[in-house]
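Let me begin by presenting the structure, written as structure tokens, before commenting on it.
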Amino acid sequence: MGFGEAESFGKWDRTGACMDVFCSRSGLDPLWDWNRTWHTSNPDLTQCFQNTVLVWVPCIYLWLCLPLYFLHLRHHDRGYIGISRMCWAKTVLGFFLAFYGFVESFYLLLERYQEIQQHLVFLVSPVMRSLTMVLAVCVIHLERMRGCRSSLFLFIFWLLASVCSLVPLRSKVLLVIEEGFSEDAVRYLSFFLYVSLQVAELVLCCFTDPPPDSTKPALGKNPCPVRNASFLSKIFFWWFGGLVVRGYRSSLQAEDLWSLREEDTSEQILSDLEQDWNLQRAKLQQLERPQDGAAGGAAGVSLRPCLMEQTQLLRKLQVEQSCGFRLLHTLTRRFGPYFLSGVLCLLLHDAFMFTIPQVLSLLLGFMSEEDAPLWKGYFFAALLFLLSSLQSLCNHQYLYTCFSVGMKVKTAVMGLVYRKSLVLTSAARRTCTVGEVVNLVSADTQKLMDFVVYFNAVWVAPIEIALCLFFLWQHLGPSALAGIATVIIIFPLNGFIAKKRSKLQEVQMKYTDGRIKLMNEILGGIKILKFYAWEKAFKDRVLEQRESELRALKRSQILYSISIASFNSSSFLIAFAMFGVYVLTDSRNVLDAQKVFVSMALINILKAPLSQLPFAMSTTMQAIVSLKRLGKFLCQDELKADSVEKAPYSPEGDSLVIENGTFSWSKEGPTCLRRVSMRVPCGSLVAVVGHVGSGKSSLLSALLGETEKRSGHVTVRGSVAYVPQQAWIQNASLRENIVFGGEWKDSWYWKVVEACALMPDLEILPAGDATEIGEKGLNLSGGQKQRTPMGQHIFDRVIGPKGLLRNKTRILVTHGLSFLPQADLILVMVEGEITEMGSYPELMGRQGAFAEFIRVFASNESKESSAHREADVQAHSAGSRKSASRLSVTDFMPSSRDLSQEQLISGDTCSPSLQNADSVSEPLQEQDQGETGRLTEADHAHTGRVKLEMYREYFRTIGLTLILPIVFLYAFQQAASLSYNYWLSLWADAPIINGTQTHANVKLGVFGALGFAQGVAIFGTTVAISVGGIMASRLLHLDLLDNVLRSPMAFFERCPSGNLLNRFAKEVDAIDCMIPDGLKMMLNYLFKLLEVCVIVLMATPFATVVILPLAIFYAFVQSFYVTTSCQLRRLESVSRSPIYTHFNETVQGACVIRAYGEQHRFTSEADRRVDHNQTAYFPRFVATRWLAVNLELLGNVLVLAASVLSVMGKASLSPGLVGLAVSHSLQVTAILSWIVRSWTDVENNIVSVERVKEYADTPKEAEWTIESSNLPESWPQTGTIEFQDYGLQYRKGLDWALKGISLHIQEREKVGIVGRTGAGKSSLALGIFRILEAAKGEIYIDGVNIAKIGLHDLRSRITIIPQDPVLFSGTLRMNLDPFDAYSDQEVWNSLELAHLKSFVSSLPDKLNHECSEGGENLSLGQRQLVCLARALLRKTKVLVLDEATAAVDLETDNLIQSTIRSQFEDCTVLTIAHRLNTIMDYTRVIVMERGHIVESDSPSRLIARRGRFYHMCREAGLA
């Protein structure tokens, strides 16, 4: 014993001696007497102990802890609670208790006043107790005034007081039994009453007080019950029971879920977090900024550029590395304190966990003592039950805290990513595709949530391992070093595996990002893929990414299997090493039951940190990768708010000013605008003209602050409305797209709708302006989306000098010329510079390039501008969401070409602004219209438990040949485990002869063989399940991809891309990893539970009486819960899809959102969707905790049963068998916990199979190819097309789009199709390509019924040039020829004919030039020319044109038209015409109206008839 220990024992002895003296003066026994307390068959505490320690302990607790509790209450003021009946009851009971003590003291002073020195114990204790009771009453009211409704602090006090009263109560009851009530009856009754009042206070303390008077009303209609739950209800999760019962009775719906707690809402979480993160970002920017004089000195002038470049590169790398850790620092500051409360629960859990083996040691010691009294055995059994229960409660409080923090982290990260996506620069957007952003908020946020849960294992697990080895040293001495050596060998192996898996995960994530990005593009451009029959090419690209992803996953899973096998076998390896060294080093070292099973209990404890550590390390590594990815994204360059000076609107002076501005799309990139200076007077109409790529779009972007300002000054006065070059359509109603969050004014709204010629469109649309517009405007034609053909009508009524916007400043980017004379100012752009500026007469008078250009194309332009008047007659809906949004109805702009290419309207748009339509109560009939006009289908949740069919489907994809070996290996693995454990019990019970055990070597050898057999089986099972999971995942993903690609266009109009991306991202990830991991865990622990039950029954067969009811109750509770859990998982998945849809939509329309200043509205909507998702996620993880706590308490009953039955059968049971049974029963709580988690995970994640398979039953297109069709290779040879009584419907229940069309088109005939929107022009093209199948009739091409051949056979033999030019990420060559069917020379020829050869030749990579997502690194005109090149490359006998030259300037258009006429001279050409001048030389014109052909003949004859076509031509100035 060291000096310090001796001194402490000396102090304890002196304290005990003082207490003995203190008690002896009052005539009491000494403080402690072992013979009376422990070494007896009837234990009791001394009177001194009962009257001092048991009285003082609760008092000392209250007085010592009160200052800390007071500080806590001071910093957590929840409001003021009025005095309720329960509060009165607590107060009265408290004063009664205090009164009892004072009366007792007063009575003593009266009776024993003279000899009070001999009765100090009986005086001090009641006074101290009474003062403490008064203090407790004060605390009750202090809590009431601070809004504390349920007090754990006082509960512990009343619990301590009640427990400490039990021993005196027992003593007094025994005295009453022995001596009767005759003596001191009043004292006995008063004491019994006192104890009853304490218990009453304890019971009252378990209930909650009413809410504070100042409490805010709960958010939502269905507030979370946790806010009204007592702390006891929170500890046992009783407050959750109501939802489980409701879910069991009927399938849960979204409205059944509780509202999110205020502290969990996005608004609350992000209010401070965003500011903290911005500060961290500012610090990083300072780090990245080059320091002044970094490379000074005249001598180093030549080296300075090189050094500065290297220094800047190093700084950039350093910043990228720091971004993730800065993000972690921000999250830690925000959520760290709450997380630490969970860490406290974890430490308490560990304390109870390590106490249990010590109690087990005492129980086994009791079993070895023949004359030990039975009460000790029952005491140890009860203690084991109590410690196990407390361990379970602490563990699940810790996990609840972790999951709560994880939920908050998810909300925080999603909010930060969304807000960041609204302020990214153009250069940053090119590096962060939509697919990558979706992956950040799906996969990476999940990795961070896992990190929160498992991070503590990284530092706690080594401590637990060290403590286990310390206690093992106490039992086995130096032999425990063998266990340490085993751990040291295992650790580097698993560290190496974790490192390799981290690298593989990065590789896998890269391929996953690529796959999601590609899927996002496929879903965005699905119409083009179907037109060109490119599905198979893109399917192969997706599968190529998928195979690379699965290869990385397979290698990672094999490494993980090695890790699992080594760690699951670690308990055996450690035991084998320690027991082997122990018995082999000295023959006198014997293994008795106490050594073996206490050691095994410690090793089983050791198993948890050893198994958690690799997972925790892996999760941490994955989280670090995700943090770096998130940090890198969040640290991307943002648009500078000061690049454009926003000034208040003023009717005087200039609305827009640029002074000597130079702009670029990125900091390091080349300039896109140079030496730009312009002043636009208020109320002016400005036209911006120039060739494709001349910088017109860049000029508007500079005015909006979308570019990097290198120099100069930009000022914009008033609010802004913006119409981009490509229409950005929200998946919302037409009205919501028009109003776009603005103010609603009924009369003004209808005036704008009428001015934009939308009234006829509202008559066509199923529900008028309540009609829902599909995602990206899928159910709108190009004219409807952009409203290009509105021509003179729009100009006159909206833009022109007499239009609605006549008092506003208007900047119109156009290729059209007809309206230029009415413009106040014309800007001519050439290669990023304004070469000419002035009014139309001024520019014409200068006789410059502009005047020459006008003279050359004047005749064409006059005709084409008139053609827009014709288009005005056929004009129709705009649907463009921002169209009328603020006054920027110019989404449909009036140019003969594409006058609405881009548009900026600046000025005071407040006076006639539109107010939010949502604020107006709709008439009942309009609400009905809203239902009629609904298009998209919300992601729906199935109800009830997952069907058995889903399990069969999953296991069918794995195959019976793999399932049977897996089951056999698990059975063999557990049989080996049972065998070596039973072998240990036999070894422990072996007789000791002359201080030794015989045949120790043989016993060790058998033990080792069984253990190694188990390890091999573990590795086999984990590898087999991993391989089976990958096989299943590959097939399920392939089925999903096939089902989606084979779906008709109507499917994509109804199903938002977010829903589909959710399937390909989150659900496929769950099938890849979560289901196989859950199956491994579930099977492992189910077999382990079976082993424990067998062992307990072997030791105590009577335990069947306990095990069978527990098993039945367990199964009942599990099934009771699983229905609720699965439905919550479904609801959470369903509510997740709209988040991705909204993210997708926002990223694509960010520039429009910024221009209108609608960031706050969109951010609020994103927050609302995230919060809605969290309302399902929160009860989902609480449900697991609720089940685990209740089932683990049942498991602890098994511990109690095994222990009590062992004590009862002490005479007939060997210590070895008891040790085996009790040590294994102690594992039941952990086993049940893991079974709950894994079972729930499997059941919840099998929902992903259900959601992936749900598209298998949706309608599909016809077969892509039909081998029996015998279609000639050269078909079609002539290009004749015949319609026979052809009819078409978009959906059942809607009007016919085409009715009884009968038409014969000869070979080489050029046919123009005209008519207003809704007449059926586009429907005719959709019918030819079988995008929509015929409702009746047939179409024949070259005499072949197209309904009888495969879709790809048809679509690959005819060509369309669509209105919307869609490009995909990849090489330019891939965008032209994804099947590599043509030679490079043929590709170059097509580019030359499309007037792109010079541009592509100037690119560094030429044909291998990488197009960004959506082709954003090409201008809209260049993208349209690429589409023309596609058609020229295919050069089929049938060509359909859908306003193919809408986005190019007049000069290029002239060349394109001549190219089409020359190159497709021997082809049949169908042109859906929005401008009549382009079809005046065609052989035939078809005029359509409401699905019928009303006129069909040559243009000249139709004009001569003076029918509908004549009127169109007359209005267009062509007749």
Side-chain angles (χ1 to χ4, degrees), residues 435 511 514-550 1034-1052 1057 1060-1061 1063-1064 1068 1252 1255-1256 1258-1273 1275-1276 1326 1328-1333 1346-1360 1362 1366-1383 1386-1387 1411 1413 1426-1427 1429-1431 1433-1436 1438:
Y511 288 121
R515 177 172 61 84
I516 300 302
K517 169 187 169 186
L518 186 56
M519 279 309 307
N520 185 60
E521 290 189 78
I522 287 172
L523 297 173
I526 189 68
K527 198 170 188 177
I528 299 301
L529 292 189
K530 290 189 178 297
F531 272 136
Y532 285 108
W534 282 0
E535 294 103 323
K536 191 173 184 305
F538 279 81
K539 174 185 171 183
D540 292 341
R541 286 183 66 194
V542 172
L543 293 180
E544 183 183 347
Q545 292 278 347
R546 179 67 176 158
E547 283 304 311
S548 301
E549 181 185 356
L550 289 179
R1034 177 185 286 114
L1035 289 173
L1036 289 169
H1037 175 268
L1038 181 61
D1039 285 349
L1040 174 64
L1041 187 60
D1042 274 337
N1043 288 328
V1044 168
L1045 290 179
R1046 289 180 180 275
S1047 296
M1049 276 307 301
F1051 168 82
F1052 299 96
S1057 64
L1060 296 170
L1061 277 180
R1063 302 297 193 276
F1064 283 99
V1068 168
V1252 162
Y1255 294 134
T1258 55
K1260 299 293 182 293
E1261 287 185 313
E1263 291 297 319
W1264 284 346
T1265 55
I1266 300 176
E1267 294 182 6
S1268 60
S1269 64
N1270 298 320
L1271 196 66
E1273 286 292 327
W1275 180 88
L1326 295 176
I1328 292 173
F1329 282 85
R1330 288 177 64 192
I1331 299 297
L1332 292 173
E1333 295 288 359
I1346 63 171
K1348 303 295 184 184
I1349 61 175
L1351 290 178
H1352 282 187
D1353 294 333
L1354 168 68
R1355 294 168 182 170
S1356 62
R1357 311 287 184 91
I1358 59 179
T1359 304
I1360 187 171
V1366 175
L1367 267 65
F1368 302 93
S1369 61
T1371 64
L1372 188 60
R1373 196 190 197 292
M1374 187 281 299
N1375 272 284
L1376 292 167
D1377 178 26
F1379 292 101
D1380 287 330
Y1382 301 94
S1383 66
E1386 289 173 307
V1387 173
C1411 298
E1413 188 175 9
V1426 170
C1427 293
R1430 286 174 183 164
L1433 191 60
R1434 289 166 68 127
K1435 201 170 183 183
T1436 56
V1438 176

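All values below come from the heavy atoms of this structure, side chains included, with hydrogens, waters and symmetry mates left out.
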Testing the basics here: between [X] and [Y], what is the closest heavy-atom pair and its distance to 0.1 Å?
X       : Y       : value
Leu1045 : Trp1264 : O-CZ2, 3.8 Å
Trp1275 : Ile1349 : CH2-CD1, 3.7 Å
Leu1351 : Ala1262 : CD1-O, 3.4 Å
Gly525  : Phe1368 : O-CZ, 3.8 Å
Pro1378 : Ala537  : CB-CB, 3.8 Å
Pro1362 : Tyr532  : CD-OH, 3.7 Å

Can you find a pair of side-chain heavy atoms, one from [X] and one from [Y], that are under 4.5 Å apart?
X       : Y       : result
Val1366 : Lys527  : no
Arg546  : Tyr511  : no
Arg515  : Val1068 : yes
Lys530  : Phe1052 : yes
His1352 : Glu1263 : no
Tyr1382 : Leu1376 : no
Leu1354 : Phe1329 : no
Phe1064 : Asn520  : no

[X] side chain vs [Y] backbone, donor-acceptor pair below 3.5 Å:
X       : Y       : result
Arg1357 : Pro1276 : no
Arg1434 : Ile1358 : yes
Arg1430 : Thr1359 : no
Asp1353 : Thr1265 : no
Arg1355 : Arg1330 : yes
Glu521  : Ser1369 : yes

Identify, with sequence neighbours excluded, every residue that meets side-chain hydrogen bond (donor to acceptor under 3.5 Å, both in side chains) alongside [X].
X       : result
Arg541  : none
Ser1047 : none
Lys517  : none

Separation between [atom1] of [X] and [atom2] of [Y], rounded to the nearest 0.5 Å:
X       : Y       : atom1 : atom2 : result
Arg1063 : Leu1060 : CZ    : CG    : 7.0 Å
Glu1386 : Lys1435 : CD    : NZ    : 11.5 Å
Leu1036 : Leu1041 : CG    : CG    : 12.5 Å
Leu1367 : Ile528  : CG    : CD1   : 9.5 Å
Asn1375 : Cys1411 : CG    : SG    : 4.5 Å

> Residues in side-chain contact (heavy atoms from CB on, under 4.5 Å) with Ala1256, at least two apart?
Replying inline: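 Applying side-chain contact (heavy atoms from CB on, under 4.5 Å) to Ala1256 gives Asn1043.
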>> Leu1332: which residues meet the side-chain contact (heavy atoms from CB on, under 4.5 Å) condition with it, sequence neighbours left out?
In response: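 With neighbours one apart ignored, the set is Leu1288, Tyr1290, Leu1326.
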> Is it true that Glu547 and Arg1034 have a side-chain N and a carboxylate O under 4.0 angstrom from each other?
Replying inline: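 Between Arg1034 and Glu547 there is a salt bridge, with a charged N closer than 4.0 Å to a carboxylate O.
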>> For a side-chain contact (heavy atoms from CB on, under 4.5 Å) check, start with the C-alpha distance between Leu523 and Val1044, then their side-chain angles and the critical distance, and finish with the verdict.
In response: CA-CA 9 Å; Leu523 297 173; Val1044 168; 4.1 Å; yes
>> Suppose we screen for ring pair (Phe, Tyr, Trp, His ring centres under 6.0 Å). Which residues come up paired with Phe1051, at least two apart in sequence or across chains?
In response: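 Here the qualifying residues are Tyr1255.
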> Can you check side-chain contact (heavy atoms from CB on, under 4.5 Å) on Asp1380 and Arg1373, steps first, answer last?
Replying inline: CA-CA 8 Å; Asp1380 287 330; Arg1373 196 190 197 292; 3.2 Å; yes
>> Pair Ile522, Leu529 - check side-chain contact (heavy atoms from CB on, under 4.5 Å), show working.
In response: CA-CA 8 Å; Ile522 287 172; Leu529 292 189; 3.6 Å; yes
> For Lys1260, does the NZ atom sit with more than 12 other heavy atoms under 6.0 Å from it, leaving out its own atoms?
Replying inline: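 Result for NZ/Lys1260: enclosed.
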